[in-house]
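Below is one structure, written out as C-alpha cells; comments come after it.
Everything numeric here is computed off the predicted structure, so don't read it as measured data.
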Amino acid sequence: MDADTKKNDNQHVAAKLTPEQEDAMVQQAFDEVLQGYLRSNHRKKVEVIERAFRFAREAHKGVRRRSGEPYILHPIAVARIASQEIGLGSTSICAALLHDVVEDTDYTVEDIERAFGHKVAQIVEGLTKISGGIFGDKASAQAENFRKLLLTMSEDIRVVLIKMADRLHNMRTLGAQPPNKQYKIAGETLYIYAPLAHRLGLFAIKTELEDLSFKYEHPAEYESISAKIRETEKRRLEAFADFAAPIRARLDEMGLTYEAKDRLKSVYSIWRKMEQKHIPFEEVYDLYAMRIVFECDDPAREKNICWNIYSAITDIYKLHPERTRDWVVNPKANGYRALHLTVMGPDGNWVEVQIRSRRMDEVAEKGFAAHWRYKIGEGDEESELNAWLRTIKDILENPEPSAIDFLDTLKLNLFSSEIVVFTPSGELVTLPAGATVLDMAFELHTELGMHCIAGKINHKLVPLSHPLNSGDQVEVLTSKTQTPQPEWNNFLVTARAKTRLRAALRKTRQPLIARGREILDGWLDENAIAATPAVVSKLLGTYHAANRDDLYYQLGADEIILGDFLVDTLRKQEQKSSTGLLRKILRLGMKPKEQAAVPAVPAEVPKVNPKETYVLRIEPDGSANFRLCDCCSPIPGDDVMGFIADDGVVELHALTCEHAALLKVGYGPRIVATRWDNPRVRFMAHIRIEGIDRHGILQELTHMISTHMAIDIRRLEIEAASSVFHCDLWVRISDASAAADLCRRVLTIDGVQSAARIK
C-alpha cells in the first residue's frame, strides 16, 4: 500500500473515532510537527507555535474535511511540510497553522496580528487573498488571483512557500475528492504549481506534485510504470552496485566522507520520455542516476572537491563529452548548485552522476528560497533570486489581456532550461535556452530592446534573431530610429521580452484594434451571423490572421474589407455541426456504403452532472453523446476528460492535450470525469513504424496486420533510405488497446526497431 492510500485510509478511519481518540490523534500530529522543528537549526520558539496550534484548533472546532477527518489536521499537515520538507521556521509554522482561519472563521487579520504579531498576520493575509486555489471559475479571476500570489511572493516569499505546502497536502489527499475535482486540481497543479516549485528550487516537491498529478490523470499508466519499476528493482540495484563499486573505492582512497546512492527517475519523467520518444518502458535506459553528496565544512573548498571527484570518475569510466554541466561556478537562477557528468557504465548504458556538497544538496532538495533570506542571510544567492522576482514583477506590471496568454507568458520563465552569457564588461546574465540577441537586449533594459537593430556575439555581427549559447559574449547594437516590430514575437523567448514587446505594440495598435472590433461586430449583426468559434476561425483563415486582435487590426487599418462573398460561407460555418470531426473519423474507418449517414450528436442534449462520471457511448449508426476535438483526436480507450461546452455538449480531449491543460486550469467546474462504454464502431489510428530495411519486410508487416490480426489497413506510406525504413500506416481499430497490441506484435518482426501510435 502506498503512502497516499494509507493517508486516505487514515482519514476515513478518523471519521469513526471517538472525540477522545480524535483529540489524541490531533495532538500526536501536532507533536510530530513540534519534534521536527526542535530537531532543526532554527531558534526554538516553541511557545508561540503552541499558541498558534491552540488558536487554530479552537477556530476550526467541529469542522471536518470532505474525507471525514477533523479539519485541523490539514493546517497541521501544511505546517509539517513547511517546516520539515521546505525548512521554514517558527513564523512560517504559525502562519501555516493559521492559514485558513481568516477565510473560514469569524477571526480577522487584526485578531491574528494582535495575538501573533505583524509578520505572521501579513503572511496569513497574503494566503487569504489567494484562498480557494489560484484559479477561479472565470479566466479573468484566475489571472488576477495568480497576480496576487506573485505580488505577495515578491513581498514575502514565505507566502508562496506555504501555499506550495498547502497544495502538496491537497494533492496527497486528493483521493477524497470526486473525479471531476481530481482532474481540475491535478491539471492546475501540473500546469502551474509544479513549474513554480521547480523555479523556486523545491525539487523534491516538484517531483512529487508531478507524480501525484500523473497518478490521478492517468491511473492505469501510473500503476503500469510503477509495477515495472518494482519488477526491475533487483536488476537495477545490481547494475548500480556494479557501476558504483569502483567509484566508492576511489572516493574512499581520497579520504572523503560522502554518501553515494542511486536516484531513480520519477514515474512521471519515465512516462514523458516514453511519450516523447515513442518507446516502451524497456527502452528507457537512464532509469537511474548516481548522486554523490560529500561533507565539507568550508564552502571555499567545495568547488575543488567537486572537480577532484569528477577527475576520479572520468579515470574509471568513459566521459560523454557533451553532457557535463557545471552549476557550481554558474548556479541556476533558483540557486541550484551541482556538477553533473555522464559516463558509460559497465553495461554499455550512459549513467548521469551528480556531485554535490551537503550544503548544495540541502538547498537542492528543500528549496533555495527558504534558505535565501531566513537561514543563510544575505549574499550572492539573494541577487539571483531577486533578479527573478524582478522579472516576475515586470510581467505583472504589463499583464497580458487574456488570462491564458498571461499564464503562458509566465510559464516561459517558470519552467525553462538556462544558459549563461556575458556582457562586454563581463557581467553574467542568465537566460532561458534558445534566447536570442533581442531577448538579451530586453533583459538588460527595455529601451535597449525597443531600439535594438543587431548584436555582436564574440565580436561577430549577427541579426536580432540569432540564438545565444552558454559562454557567449554579447554586445547589443541600437538605433534611435528603430521601433518595435510585430514580427519580433516570432523569435523572442523570454517572458520579459514578450511582455514588453506586446505592451509596446498594444499602445500603437489598440485604437485600430478597437475600430476593427466595431467594424466586425457591426458587419456580423447586419448579416445576422453569430460570432461562434467556427465563424471566427473561418475569418482568421480567410485573412491569414494569427489571432482575433490581428484580424481586428487588419480591419481597423483598412488592410482588409469584409465582402458579401463571405456571408453564405460564414452562415454555413455557423450551422455546421461541431461533431464534424467525429463523423470524419468514423467515415475514414468505414466502407463507402457505411458512410452514408453518420448522424451528429442528438439535437436534444441531456443535462450533464459534472460530479458524476459521464459514460461515453457510440451507437452502431455512429451517433454519440459527445464530440471529439480535433486538437488531439482521442479514440476509445485513451485517457480522456470531458468538457461541458457552451451548448451543453460534452467535448472530449486526451488528457495529454495542451488544450485540455488550459481548460483544467481555467474552467475547472466544467470538467467531467469520463468512462468509455463498449464502442460498436471502428476508428482510424495512425501507427508509425521504423526499422532496418531488408527484402520482404513490408510483405511481413502487411501480412501480420491484415491476415493474422484481421485489421484493415486504410492507408500506407513507406520510405527507405540508407538501409533504414520509415512507415506510416492508418488502420481501422476498435480502441486504443488494439493499437497497443498491434505495436507489440509488429515489434516481433525481425528488423522493426520501433512502433507507436501517433496521437
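Expressed to the nearest 0.5 Å, how far CZ of Arg158 lies from CD1 of Ile123 amounts to 4.0 Å. Atom CD1 in Ile81 sits 12.5 Å away from atom CG in Leu161 (nearest 0.5 Å). Note that the SG atom of Cys94 and the NZ atom of Lys119 stand 12.5 Å from one another [nearest 0.5 Å]. If you take CH2 on Trp271 and OG on Ser266, they are separated by 11.5 Å, rounding to the nearest 0.5 Å. Note that the CZ atom of Arg263 and the NZ atom of Lys265 stand 7.0 Å from one another [nearest 0.5 Å]. Residue Leu127 holds its CG atom at 7.0 Å from NZ of Lys163, rounded to the nearest 0.5 Å.
For the side chain to side chain contact (heavy atoms under 4.5 Å, CB included) with Phe30, the qualifying choice from Arg80, Glu50, Arg57 is Glu50, the only one to do so.
Looking only at atom types and distance, the side chain of Gln21 has a donor-acceptor partner in the side chain of Thr18 under 3.5 Å away.
No side-chain heavy atom of Leu190 sits under 4.5 Å from any side-chain heavy atom of Leu209. The shortest distance between side-chain heavy atoms of Asp639 and Glu217 does not fall below 4.5 Å. Contact of the Ile270 side chain with the Ile229 side chain is registered, since non-hydrogen atoms from C-beta on lie closer than 4.5 Å. Annotation: side chain of Leu196 is not in contact with side chain of Lys206 (no heavy-atom distance under 4.5 Å). Leu73 is listed as a side-chain neighbour of Met25, based on a closest heavy-atom distance under 4.5 Å. At a threshold of 4.5 Å between non-hydrogen side-chain atoms, the residues Met274 and Ile225 count as touching. In this structure, the side chains of Leu34 and Val46 come closer than 4.5 Å at one or more pairs of heavy atoms. The side-chain heavy atoms of Leu655 and Tyr183, taken from C-beta on, include a pair separated by under 4.5 Å.
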For this session: Just do the side-chain contact (heavy atoms from CB on, under 4.5 Å) check on Ile112 and Glu125 with the steps written out, would you?
Result: CA-CA 9 Å; Ile112 302 292; Glu125 183 179 24; over 6 Å; no
For this session: Would you sort out whether Phe643 and His653 count as a ring-ring contact (aromatic ring centres under 6.0 Å, His included), showing the intermediate values?
Result: CA-CA 8 Å; Phe643 173 72; His653 287 269; 7.2 Å; no
For this session: Show your reasoning for whether salt bridge (charged side-chain N to carboxylate O under 4.0 Å, His left out) applies to Arg670 and Glu651.
Result: CA-CA 11 Å; Arg670 291 164 68 175; Glu651 296 180 340; over 6 Å; no
For this session: Go through the steps to decide whether Leu202 and Tyr193 satisfy the test side-chain contact (heavy atoms from CB on, under 4.5 Å), and finish with yes or no.
Result: CA-CA 11 Å; Leu202 301 167; Tyr193 281 92; over 6 Å; no
For this session: Please step through side-chain contact (heavy atoms from CB on, under 4.5 Å) for the pair Cys296 and Arg358, ending with a clear verdict.
Result: CA-CA 7 Å; Cys296 179; Arg358 180 64 63 187; over 6 Å; no
Exercise. Would Glu58 and Arg54 satisfy salt bridge (charged side-chain N to carboxylate O under 4.0 Å, His left out), going step by step from the backbone distance to the final call?
Worked result: CA-CA 6 Å; Glu58 185 61 32; Arg54 292 194 295 271; over 6 Å; no
For this session: Go through Lys261 and Glu259 one step at a time and tell me if the salt bridge (charged side-chain N to carboxylate O under 4.0 Å, His left out) criterion holds.
Result: CA-CA 7 Å; Lys261 56 188 177 183; Glu259 178 185 7; 3.7 Å; yes
Problem set entry | ring-ring contact (aromatic ring centres under 6.0 Å, His included) between His218 and Tyr222, intermediate numbers included | CA-CA 6 Å; His218 302 275; Tyr222 179 89; over 10 Å; no
For this session: Report the C-alpha separation of Glu221 and Arg272 in whole Å, then their side-chain angles, then the decisive distance to 0.1 Å, and conclude whether the salt bridge (charged side-chain N to carboxylate O under 4.0 Å, His left out) test is met.
Result: CA-CA 11 Å; Glu221 282 92 338; Arg272 279 197 67 187; over 6 Å; no
Exercise. Can Phe203 and His198 be said to form a side-chain contact (heavy atoms from CB on, under 4.5 Å), step by step?
Worked result: CA-CA 6 Å; Phe203 295 107; His198 170 86; 3.8 Å; yes
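Across all non-hydrogen atoms, the minimal contact from Asn180 to Val672 is CB-CA, 4.3 Å. Shown here for Met290 and Ala260, the closest heavy-atom pair between the two residues is CE-CB, 3.7 Å. Closest approach of Val124 to Val102, counting heavy atoms only: CG1-CG2, 3.8 Å. Here the closest heavy-atom approach between residue Val159 and residue Gly126 is recorded as CG1-C, 4.0 Å. Residues Val650 and Gly642 approach most closely at CG1-CA, 3.8 Å, considering heavy atoms. Residue Arg617 comes nearest to Phe626 through the heavy atom pair O-CE2, 3.5 Å, listed as atom of the first residue, atom of the second, then distance.
Classified by interplanar angle (parallel below 30°, tilted 30° to 60°, perpendicular above 60°), the ring pair Tyr71/His60 is tilted.
Judged purely by atom type and a 3.5 angstrom limit, Thr105 uses its side chain to pair as donor or acceptor with the backbone of Val101. The closest donor-acceptor contact from the side chain of Ser357 to the backbone of Met360 lies under 3.5 Å. Asp211 places no side-chain N or O within 3.5 Å of a backbone atom of Glu208 that could act as its donor or acceptor partner. The backbone N or O of Gln177 lies less than 3.5 Å from a partner atom in the side chain of Gln182, making a donor-acceptor pair. At distances below 3.5 Å, at least one donor-acceptor pair connects side-chain atoms of Tyr37 with backbone N or O atoms of Lys45. When atom types are taken as modelled, the side chain of Ser92 and the backbone of Leu88 share no donor-acceptor pair closer than 3.5 angstrom. At distances below 3.5 Å, not a single donor-acceptor pair connects side-chain atoms of Arg356 with backbone N or O atoms of Ala338. With hydrogens and angles ignored, the 3.5 Å screen pairs a side-chain donor or acceptor of Thr189 with a backbone N or O of Ile185. Side-chain atoms of Tyr216 never come within 3.5 Å of backbone atoms of Pro179 as a donor-acceptor pair (strictly under, hydrogens ignored).
A distance below 6.0 Å separates the ring centres of Phe240 and Tyr288.
Residue pairs meeting the side-chain hydrogen bond (donor to acceptor under 3.5 Å, both in side chains) criterion with at least one member in residues 25-36, sequence neighbours excluded: Gln27-Asp31. Listed by first then second residue, pairs satisfying ring-ring contact (aromatic ring centres under 6.0 Å, His included) with a partner in residues 81-114 read Phe55-Tyr107, His74-His99, not counting sequence neighbours.
Residues forming a ring-ring contact (aromatic ring centres under 6.0 Å, His included) with Tyr258 (at least two apart in sequence, or on another chain): none. Listed by chain and number, the residues in a side-chain contact (heavy atoms from CB on, under 4.5 Å) with Ala96 are Val78, Ala79, Ile162 (sequence neighbours excluded). Evaluation of the side-chain contact (heavy atoms from CB on, under 4.5 Å) rule for Arg230 yields Glu223, Ser226, Ala227 as partners, not counting sequence neighbours. In terms of the salt bridge (charged side-chain N to carboxylate O under 4.0 Å, His left out) criterion, Glu20 has no residue partners (sequence neighbours excluded).
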